[in-house]
Amino acid sequence: MERLVGLLGDPVAHTLSPAMHNAAFAALGIRFRYIAFRVEGARFERAMEGLEALGSAGTNITIPHKERAFRWVRNLDPSAARTGAVNTVVFDENGSTGYNTDLAGARAAIGKLAPRTGTALVLGAGGAARAVVCALLDEGFERVMLSNRSSERAARLLEDVASADPGFGSASLEAIPWGEEPPVPLDLLVNATSLGLGGSPWPDGTLDRVLPLAREGAILDLVYSGDGDTPLCAAAKSLGIPSASGLEMLLQQGAAAFTLFTGMPAPVGAMRAALDTTPGPGRTVAGPAAW
Ligand code: NAP
């Protein structure tokens, strides 16, 4: 019998996770099947109960349900307790346990892109931004700023992270109003909003305001595209700013989730190859994806 692994989110049309995980199951010859389900907020809890009742091994959680999943699971791994967000749930004899593998994924992506630490600005305050803020602190960034369209959500994020992790040393953590320029140049700018998702254009003028902030640093866009650069990475490239899309983070969070679902080391090479060659919406697959 095949074991089901889910992905719950809304939207999910852009996701490369099924291709990545199914390639990993095939590479190891194990009978698991990963399926993405578009689930709206009001039905999230029922969908989780359904997956558990069906004997699913577990599920990934994506936009916009990570904070909701944090409240739903019975047990919390420290990675989830610390971030206040769950992107991976494992069902077993203990019920459901929530993990946050975005944290490891974000650390890997940041470490690869930004050799020097210092000052970072995170745009967004959703589930992914929670993992990114913790990852930046773990990587040794001394000043982390957060800017979100809804300022209450940014304030809540900072409060939660500070109370779950009062020992992040001498690093400073602060919110700045959406659209306001940070007071100092940035070593790293991270887009953890859904702006640019599915190739959608950023609102008029926003990119022109955002890009100069990182002209001396680098840009990590958590959004990824199966078909060339994201709008933010394309604009960064045109100004000579080093940038990376969310593909490395996707790969690394997926590898960690794979091990939680199966108990086996992830075949990272097969997963990376799947991300390079899988057709997606509008994807031509003329060559390796834009990492
Ligand atoms: P989420 O919890 O729903 O948060 C969405 C965030 O985007 C919020 O901060 C929201 O601001 C902001 N936002 C949405 N539309 C906006 C707009 N028009 N203008 C300004 N801000 C806007 O979602 P999430 O789980 O954090 O995911 C955020 C993004 O990260 C998604 O694009 C997701 O695909 C990506 N992601 C990538 C990876 C990876 O492995 N590469 C992993 C996780 C997430 P408000 O709070 O004001 O609504």
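Order of appearance sets the numbers: ligands from 1, and atoms from 1 within every ligand.
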*For G127, counting its heavy atoms only, list the atoms of ligand 1 lying under 4.0 Å from any of them.*
2 (O), 26 (O)
*Quick one: look up the protein heavy atom nearest atom 37 (C) of ligand 1 and list residue, atom name and how far away it is.*
L222 O, 3.2 Å
_Between D229 and D221, does the side chain to side chain contact (heavy atoms under 4.5 Å, CB included) criterion hold? Intermediate values first, please._
CA-CA 10 Å; D229 285 321; D221 191 358; over 6 Å; no
*Would you please classify the geometry between the F258 ring and the H21 ring as parallel, tilted or perpendicular, with 30° and 60° separating the classes?*
parallel
*Is A192 touching ligand 1 with its side chain, its backbone, both, or neither, if touching means heavy atoms under 4.0 Å apart?*
backbone
*Which of the atoms of ligand 1 are close to G126, meaning less than 4.0 Å from one of its heavy atoms?*
2 (O), 4 (O), 9 (O), 26 (O)
*At what distance is the nearest protein heavy atom to atom 5 (C) of ligand 1, and which residue and atom is it?*
S194 OG, 4.2 Å
*Protein contact to atom 9 (O) of ligand 1 [nearest heavy atom, distance to 0.1 Å]*: N148 OD1, 2.7 Å
*Part of D102 within contact of ligand 1 (heavy atoms, under 4.0 Å)*: side chain
*Considering only non-hydrogen protein atoms, determine which one is nearest to atom 29 (C) of ligand 1 and report residue, atom name and distance to 0.1 Å.*
T193 O, 3.4 Å
*Is any heavy atom of the protein nearer than 4.0 Å to atom 12 (C) of ligand 1?*
yes
*Electrostatic pair R130-D102, nearest N-O below 4.0 angstrom*: no
*Return each pair, listed once, that meets side chain to side chain donor-acceptor pair (under 3.5 Å) where at least one residue sits in residues 202-212; pairs must be two or more places apart or across chains.*
none
*With a 4.0 Å heavy-atom cut-off (strictly under), which part of L195 contacts ligand 1: side chain, backbone, both or neither?*
side chain
*For L250, counting its heavy atoms only, list the atoms of ligand 1 lying under 4.0 Å from any of them.*
39 (C), 40 (O), 41 (N)
*Got the closest protein heavy atom to atom 44 (C) of ligand 1, with its distance?*
A128 CB, 3.4 Å
*Could you see which bit of R153 sits under 4.0 Å from ligand 1, with heavy atoms only: side chain, backbone, both or neither?*
side chain
_atom 34 (O) of ligand 1: the protein heavy-atom neighbour that sits closest, reported with distance to 0.1 Å_ = L197 CD1, 3.7 Å
*List the closest protein heavy-atom neighbour of atom 20 (C) of ligand 1: residue, atom name, distance to the nearest 0.1 Å.*
W178 CZ2, 3.5 Å
*Mind checking what makes side chain to side chain contact (heavy atoms under 4.5 Å, CB included) contact with A192, not counting sequence neighbours?*
V122, A129, L222
*Show which atoms of ligand 1 fall inside a sub-4.0 Å distance from at least one heavy-atom site of V223.*
32 (O)
*Scan side-chain atoms only and decide if T101 and N87 contain a donor-acceptor pair under the 3.5 Å cut-off.*
yes
*Which class fits the ring pair H14 and Y224: parallel under 30°, tilted 30 to 60°, perpendicular over 60°?*
tilted
*With heavy atoms of S150 as the reference, note each atom of ligand 1 found under 4.0 Å away.*
47 (O)
_Atoms in ligand 1 flagged as close to K66, the criterion being non-hydrogen separation under 4.0 Å_ = 25 (O), 42 (C), 43 (C), 44 (C)
*asked:* Students should be able to answer this: which protein heavy-atom is nearest to atom 17 (C) of ligand 1, and at what distance?
replied: R149 NH1, 3.2 Å
*Is the closest N or O pair between A129 and ligand 1 shorter than 3.5 Å?*
no
*Which heavy atom in N100 sits nearest to a heavy atom in A131, and how many Å separate them?*
OD1-CB, 3.9 Å
*Of the backbone atoms (N, CA, C, O) and the side-chain heavy atoms from C-beta on, which set of P64 has a member under 4.0 Å from an atom of ligand 1: side chain, backbone, both, or neither?*
both
*May I ask you to say whether R43 pairs ionically with E49, meaning some side-chain N is under 4.0 Å from a carboxylate O?*
no
*Look at D160 together with R82 and state whether they make a salt bridge at an N to O cut-off of under 4.0 Å.*
no
